[in-house]
2 protein chains.
Amino acid sequence: MPGSDKKRGSATAAQAHEGTLVTRGERKQRTRSTLLDAALKLMGEGRSFTSLGLREITREAGLVPTSFYRHFRDMDELGLALVEEGGLTLRRLLRDARKAGMPVEDIIRGSVRVYLHYVREHHLQFLFIVGERMGGSPTIRRAIRTEVTHFTNEMAQDIQQLRLLPRELSTAALQMICGLVVSTMLNAAGDILDLPPKQTQLEHELVEHYVRQLRLIFLGSTLWKESP
Amino acid sequence: MPGSDKKRGSATAAQAHEGTLVTRGERKQRTRSTLLDAALKLMGEGRSFTSLGLREITREAGLVPTSFYRHFRDMDELGLALVEEGGLTLRRLLRDARKAGMPVEDIIRGSVRVYLHYVREHHLQFLFIVGERMGGSPTIRRAIRTEVTHFTNEMAQDIQQLRLLPRELSTAALQMICGLVVSTMLNAAGDILDLPPKQTQLEHELVEHYVRQLRLIFLGSTLWKESP
DNA sequence: TGTACATCAGTGAACGCGCGTTCACTGATGTAC
DNA sequence: TGTACATCAGTGAACGCGCGTTCACTGATGTAC
């Protein structure tokens, strides 16, 4: 029976797709994720990131405080990792929208509905991004700003390629418009996250509110003239 | 010689402001203000409100920690006082704008410039309002939301009375538009507060960016049709 | 293949420190007569 | 008016507690031969 009792040791790619985590690196990544999730969970209880403590997070993650340092130099570094994760979540939103396509009619209402569900599905990430975008430490704030700018540029590219805006607009104008759309949708995320659960009436009003704001923006876009 | 040698005793931080304060009530108000200012000042150093400590604030205010309780039950109550102060600052902005009037041509650029200076003049208040609007504790966040809603409604009233929008719009539509304007300007405040000093080039670009966004919104407003 | 050694994620005790809150107090200001 | 007493903003000592960080450690995993 060669190799039958040898399930540890040098775990190579052959074993990588087996169910349980084997290598040290994989375990480490998993623990790191646990720490990030713990931080998000605590923020989900109404706390801001800057008010979280290192011990609090490791406790929530089921680790001893000193383990923290195996993964992050300090809280700032953990925060930046959360920003990166949040940035990925934002990109995925665009990617999903690109793939799924949208109903040609009422594309705006469709998008807002999809967005609402997406924000709920990733509510801890949005809570972090939206909450720290203006109120976090300067470092975190700058990192979030960078992610949001990238997101805005990608959206501009998508809109251009999909010909979602009727007339030709300069890149600068398109970016300005997307900036307004993005800040409006981040504002919407704040409202979505504060929406009490099961209030379909309130939820519907919220959707309609942002549908109108976006419609107004696109209405303005059709009239836009380059700098007069 | 009544009152000649009688000016010392418990010389407090509150008295440091020149001696014309007489009544106990006035002194108390002054100390309260000192506490609020201390909290704002600490936030001005890049901290979020939720991360501030009671001792930290009293220390900054030149008081002993226990004095805090003469003015606020806890940090949340101090935060709500700051929201109220910030709300007053927002109203004053509208009131000033109403009184001053605006150049009939280029009313938007004029407004954005006035706004930029106003935000700088009251930068600590805006730092608090904008920073805690999304990221603060639920209590503070709700309070800020209320203030911002009032502000939006007042703005809608002003715009209606001053006939700033050409066509007739329903109250609901006007409020929706003002909501978009306000959230855009709060977003702008975040950028203004992060603007490095003395960078007139960046400052000018920022102003032009928001001028374009507002112009887009007003352009959309002229086309707005009630729910189709 | 088996063995001997290196690595390093996670542990647990210990530290000094600042925190929020309590309590009894002081003494100037306010009030009743 | 002056006097005697009440009020209460601000003080200072004390408390128990959780914090971030250090250090030496353990033992499973990884590697060299």
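Rounded to whole angstrom, the span from the CZ atom of B:R59 across to the C1' atom of C:dC17 amounts to 11 Å. The distance from atom CZ of A:R24 to atom C1' of C:dG10 is 11 Å, rounded to the nearest whole Å. In this structure, CZ of A:F68 is placed 13 Å from P of D:dC19, rounded to the nearest angstrom. Rounded to a whole Å, the CD1 atom of A:I57 is 12 Å from the P atom of D:dT21. Atoms CD (B:E56) and P (C:dC17) sit 18 Å apart, rounded to a whole Å. B:R30 places its CZ atom 16 Å from the P atom of D:dA9, with the value rounded to the nearest Å. Distance, B:L42 CG to C:dG18 C1': 15 Å, rounded to whole Å. The distance from atom CZ of B:R32 to atom P of D:dA9 is 12 Å, rounded to the nearest whole Å.
Comparing C:dG30, C:dT11, D:dG20 by their closest approach to the side chain of A:L63 singles out C:dT11. Distances from the side chain of B:S67 to the nucleotides C:dT11, D:dA14, D:dT11 place D:dT11 closest. Comparing C:dG12, D:dT29, D:dG10 by their nearest atom to the side chain of B:H71 picks out D:dG10. Here C:dA9 is the nucleotide among D:dA9, D:dG10, C:dA9 with the atom lying nearest to any side-chain atom of A:K28.
One donor-acceptor pair, N or O on each side, does fall under 3.5 Å between the base of C:dG20 and the side chain of B:R55. At a cut-off of 3.5 angstrom, the base of D:dT29 holds no donor-acceptor pair with the side chain of A:R27. No N or O donor and acceptor, one from the side chain of A:R70 and one from the base of C:dT11, sit under 3.5 Å apart. For C:dG12, its base sits under 3.5 Å from the side chain of A:T66 at one donor and acceptor pair at least.
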Checklist entry - Is there a salt bridge (Lys or Arg N to Asp or Glu O under 4.0 Å) between B:R142 and A:D194 once you walk through the steps? => result CA-CA 9 Å; B:R142 196 167 327 118; A:D194 278 346; over 6 Å; no
Checklist entry - Yes or no on side chain to side chain contact (heavy atoms under 4.5 Å, CB included) for B:S137 and B:D76, after CA distance, side-chain angles and deciding distance? => result CA-CA 9 Å; B:S137 77; B:D76 242 48; 4.0 Å; yes
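For B:D74 (side chain) and B:E77 (main-chain N/O), a donor-acceptor pair under 3.5 Å exists by modelled atom type.
Remark: of the listed residues A:I159, A:L214, A:L186, A:T152, A:L214 is the sole one forming a side chain to side chain contact (heavy atoms under 4.5 Å, CB included) with A:V181.
Look at C:dA6: its Watson-Crick or wobble partner, with both distances under 3.5 angstrom, is D:dT29. The partner of C:dC23, taking Watson-Crick or G-U wobble pairs whose two distances both stay under 3.5 Å, is D:dG12. Pair assignment for D:dT1: none, as no Watson-Crick or G-U wobble contacts are both less than 3.5 Å. Under the Watson-Crick and G-U wobble criteria, each requiring two contacts below 3.5 Å, nucleotide D:dG18 is paired to C:dC17.
Salt-bridge check for A:E121 with A:R92: failed, with every basic side-chain N at 4.0 Å or more from each acidic carboxylate O.
Atom CD in A:E45 sits 11.0 Å away from atom CE in A:M43 (nearest 0.5 Å).
Residue B:Y69 is in base contact, counting any heavy-atom pair closer than 4.0 Å across all strands shown.
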